[in-house]
Amino acid sequence: MTFAATAKAEASLLLQTYDRHPVLFTHGKGVHLWDDKGKRYLDFLSGIGVNSLGHAHPAVLKAMQRQSRRMIHISNLYYHEYQSQLAKVLTQASGLDRAFFCNSGTEAWEGALKIARAYGQTKAAGTNGSAKSGKTRILALDGSFHGRTFGSLSTTGQAKYRDPFEPLVPSVSFVAFNDVEDLERQFDPTVCALCVETIQGEGGIRPVSKEFLVRARQLTQQHGALLVLDEIQCGLGRTGHFFAYQHYGVKPDLVTVAKPLAAGLPLGAILLTSEAASCIHPGMHGTTFGGGPLTCSVALEVMRVTKSRLGHVRELGQYFRKQLEDLAKKHSSIREARGLGLMLALNLDEPAKAKAIAQQLLQEGILINRTHETVLRFLPPFIIEKKHVDQVIRALDAALGATESAPSASNSQIEPSRSTQSKSRRTRSQK
C-alpha cells in the first residue's frame, strides 16, 4: 500500500490516538529505515528506545526464527525453558532476586503498584495486627510518566495525561522533582512506596539527582516502604550500564523494565528483592501473554549482545554529549544539553523551535522526536558510530541556525525557566 492509501484507511478505521508523521516505513537494517519511496532515514529514536540493537539484528532474527518454529506460546500454567534463564540473567545484572514477566512497560508498572500496596498491607499487619491501618500512600514525582493505564496514569506527574481520565487511583501524592525538602515533608509511615524514574523520559530526559535518590533510599528504609524505580526507558543498557541506578550506588526494592527487552516483541519485567516479593502468593497476579517462549528466547539474545555493547554505549554517549554541549555554546536557543549514555536531549527556549527542528531533521532523513514541548530527544541504537553522531550534529547545527534567524515565536509559547518552574511547582494530591 502507498502512504496515501494507508493514511486514508487508518483515518476511517483506527481509533485516532496518534499524531503520526506523514511517512510510511517499509523495512529497516542496522541504524537505518526506508520508506515506501525508497528514501533512507537514520534512526536516532529507536522506536522510542525499543530497537536498541537497531533493525534486523542477525542475533535477534536467528533467535526469532529458531524459536518460532518450535513454540510461540503455551500460557503460564506450564513451564518452558527460557523464563528461568532470562530471570537469572536479569537478576544477576540488577542485583535483585526475582522476576515477573509481562507484556509491556505500563503492565509492569501496574504490577509494581499492586506489589507496593500488598507489601504495605503486609507491613501494616506485621506492626500492629491490622491490615487496614492505612499504609497505602504512594509518592511519585512531578514530571514523571509511567504509562497509559489507570494505575500508571495515577502516578504520572503530568496533568495533561491525567486530567481527561479522573478520578484516578486514590492516595497518590506528587513530590517536586529533585526537591529533597519536599520529599522529607511528605514522607511518613503511611507511605507504602516511592516511585521514581531514574531518568525522566517523557518528562524531558531529566536525571534524578544523586542527593535525591540517596535520601529516597534512606526514607523508604526508615519507614518500611518500597523504593520503586521505573527504568522502562532508561534501563537495559541505555545509559552504559544495564540499569541507570547503577550510576548512583543505590539499589531499589523493585525496578520495572520493558522497551528494548525483546527487540520489539512485547515483553516487560518486574525485578524485585525477595523481601518485596514475600507479599505475593499464587493467584494474586498474573498475565496471559507475558514471558512466553518466543519473547524470552529473543530477550536472552538481546541481553547477551547488549552486554557486549555497554562500553561502546558509554564511549559514544560521552562523544555525543560533548558534541551537544558544543552546540549549546554556539546557539543561544539551547538552554541545556543533558542526559546519560545514549539517552540525551537538548532543551530549547521555545516549543515552536523544537517542533520545527524535529520536522526539519525528518525531512533530511533523520529520526528524533520532541518531548515535553521544548526538548529534542535522542535515543539512538547501541550500534551507532561516530559518523552517525556527526551527521546528526551537522543537521542540528544547520536547523538551529535557521530557526534562530527566523522570527521568534511569541513569548506566550516560551517555557518558564528552571528557576521559575521550581518556584511555581506545587505538590498535588489525588483525593
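Side chains are part of it too, since the values below use all heavy atoms of this structure and drop only hydrogens, waters and symmetry mates.
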*Given the rule in the side chain to side chain contact (heavy atoms under 4.5 Å, CB included) test, do V313 and R238 qualify, once you have shown the distances and angles that lead to the verdict?*
CA-CA 7 Å; V313 171; R238 176 58 57 184; over 6 Å; no

*Taking atom CZ of R215 and atom CG of L194, what is their separation to the nearest 0.5 Å?*
11.5 Å

*asked:* Are there over 12 heavy-atom neighbours, none belonging to F289, within less than 6.0 Å of that residue's CZ?
replied: no

_Within 6.0 angstrom of R98 CZ, more than 12 heavy atoms from elsewhere_ = no

*Taking Q200 for its side chain and F145 for its backbone only, find out whether a donor-acceptor pair lies under 3.5 Å.*
no

*Look at E301 together with K62 and state whether they make a salt bridge at an N to O cut-off of under 4.0 Å.*
no

*Using a 4.5 Å cut-off on heavy atoms from C-beta on, say whether the side chain of L229 contacts that of V196.*
yes

_Hydrogens and angles aside, do N347 and T374 bring a side-chain donor and acceptor to less than 3.5 Å of each other?_
yes

*What is the distance from atom CH2 of W109 to atom SG of C195, rounded to the nearest 0.5 Å?*
4.0 Å

*So, are K29 and D43 salt-bridged, with charged N and O less than 4.0 Å apart?*
no

*Measure the CZ-CG distance between F177 and L141 for me, rounded to the nearest 0.5 Å.*
7.0 Å

*May I ask you to check whether over 12 heavy atoms, not counting those of H27, lie within 6.0 Å of atom NE2?*
yes

_Could you tell me if the side chain of L367 sits less than 4.5 Å from the side chain of F25, heavy atoms only?_
yes

_Between CG on residue D179 and CD on residue E211, distance to nearest 0.5 Å_ = 9.5 Å

*Where is the tightest heavy-atom contact between A225 and D253, given as atom of each residue plus distance?*
O-OD2, 3.8 Å

_Donor-acceptor under 3.5 Å (D142 side chain, G157 main chain)_ = no

*Sub-3.5 Å donor-acceptor pair from the side chain of H247 to the main-chain atoms of A244, do we have one?*
no

*Take L316 and K386, measure what side chain to side chain contact (heavy atoms under 4.5 Å, CB included) needs, and give me the verdict at the end.*
CA-CA 7 Å; L316 264 290; K386 284 186 177 180; 4.0 Å; yes

_Quick one, Q323 and L344 - any side-chain contact, counting heavy atoms below 4.5 Å?_
no

*asked:* Aromatic contact between F382 and H312, with the criterion being ring centroids under 6.0 Å apart: yes or no?
replied: no

*Of V250, L254, V255, which meets side chain to side chain contact (heavy atoms under 4.5 Å, CB included) against L227?*
V250

*Give a yes or no answer on whether the side chain of H57 reaches the backbone of A59 with a donor-acceptor pair at less than 3.5 Å.*
yes

*Are any side-chain N or O atoms of D35 and backbone N or O atoms of V23, one a donor and one an acceptor, separated by less than 3.5 Å?*
no

_Residues D390, K387: salt bridge by 4.0 Å N-O rule_ = no

*asked:* Regarding R70 and E81, does a basic nitrogen lie under 4.0 Å from an acidic carboxylate oxygen?
replied: yes

*Does any donor atom in the side chain of Q67 or Y82 lie under 3.5 Å from an acceptor atom in the other side chain?*
yes

_Whether the side chain of N76 engages the backbone of G290 through a donor-acceptor N/O pair (distance < 3.5 Å, no angle test) should be reported._
yes

*In terms of heavy-atom contacts, does CD of Q16 have more than 12 from other residues, nucleotides or ligands at under 6.0 Å?*
yes

*How about Q318 and R321: does a side-chain donor come under 3.5 Å of a side-chain acceptor?*
no

*Residues F174, Q186; criterion side chain to side chain contact (heavy atoms under 4.5 Å, CB included); working and verdict*: CA-CA 9 Å; F174 292 95; Q186 295 204 56; 5.9 Å; no

*asked:* Walk me through whether Q222 and Q218 qualify under side-chain hydrogen bond (donor to acceptor under 3.5 Å, both in side chains).
replied: CA-CA 6 Å; Q222 176 184 336; Q218 293 169 345; over 6 Å; no

_Does T273 form a side chain to side chain contact (heavy atoms under 4.5 Å, CB included) with L96? I'd like the steps, not just the answer._
CA-CA 5 Å; T273 63; L96 299 172; 3.7 Å; yes

*Close side-chain approach of K135 and Y119, heavy atoms under 4.5 Å*: no

*Side-chain heavy-atom pair M303, L236 within 4.5 angstrom cut-off*: yes

*Heavy-atom closest contact (F101 atom, T287 atom, distance)*: O-CG2, 3.3 Å

_Could you report the tightest heavy-atom contact between T155 and H146, atom names first, then the distance?_
O-CD2, 3.1 Å

*Could you pull out the closest heavy-atom pair between P380 and S46, with the gap in Å?*
C-OG, 3.1 Å

*Spell out, as yes or no, whether a donor-acceptor pair under 3.5 Å connects the side chain of R117 to the backbone of C192.*
no

_If you define the side chain from C-beta out and look only at heavy atoms, does anything of V175 sit under 4.5 Å from F187?_
no

_Main-chain N/O of G54 paired with N51 side-chain donor or acceptor, under 3.5 Å_ = no

*Straight-line distance of T149 OG1 to L168 CG, nearest 0.5 Å*: 10.5 Å

*Decide yes or no for F378 and L324: does some side-chain heavy atom of the first lie under 4.5 Å from some side-chain heavy atom of the second?*
yes

*Going by heavy atoms in the side chains, are I199 and I205 under 4.5 Å from each other?*
yes

*Is the count of non-hydrogen atoms from other residues, nucleotides or ligands lying under 6.0 Å from R66 atom CZ greater than 12?*
yes

_Looking at every heavy atom in both Q233 and E202, which two are closest together, and how far apart are they?_
NE2-OE2, 4.1 Å

*Considering all heavy atoms, the nearest F242-A93 contact*: CD1-CB, 3.7 Å

*Could you tell me whether the side chain of K259 and the main chain of S52 form a donor-acceptor pair under 3.5 Å?*
no

*Report yes if the distance between the aromatic ring centroids of F44 and F320 is under 6.0 Å, otherwise no.*
yes

*Mind checking what makes side-chain contact (heavy atoms from CB on, under 4.5 Å) contact with Q92, not counting sequence neighbours?*
K88

*Check: T295 side chain, P266 main-chain N or O, donor-acceptor pair, under 3.5 Å*: no

*Say you draw a straight line from CG of L346 to CD1 of I357; how long is it, rounded to the nearest 0.5 Å?*
8.0 Å

*Is a side-chain donor-acceptor pair under 3.5 Å present for E197 with S144?*
no

*Option from V214, L219, L213, T220 for which side chain to side chain contact (heavy atoms under 4.5 Å, CB included) with R217 holds*: T220

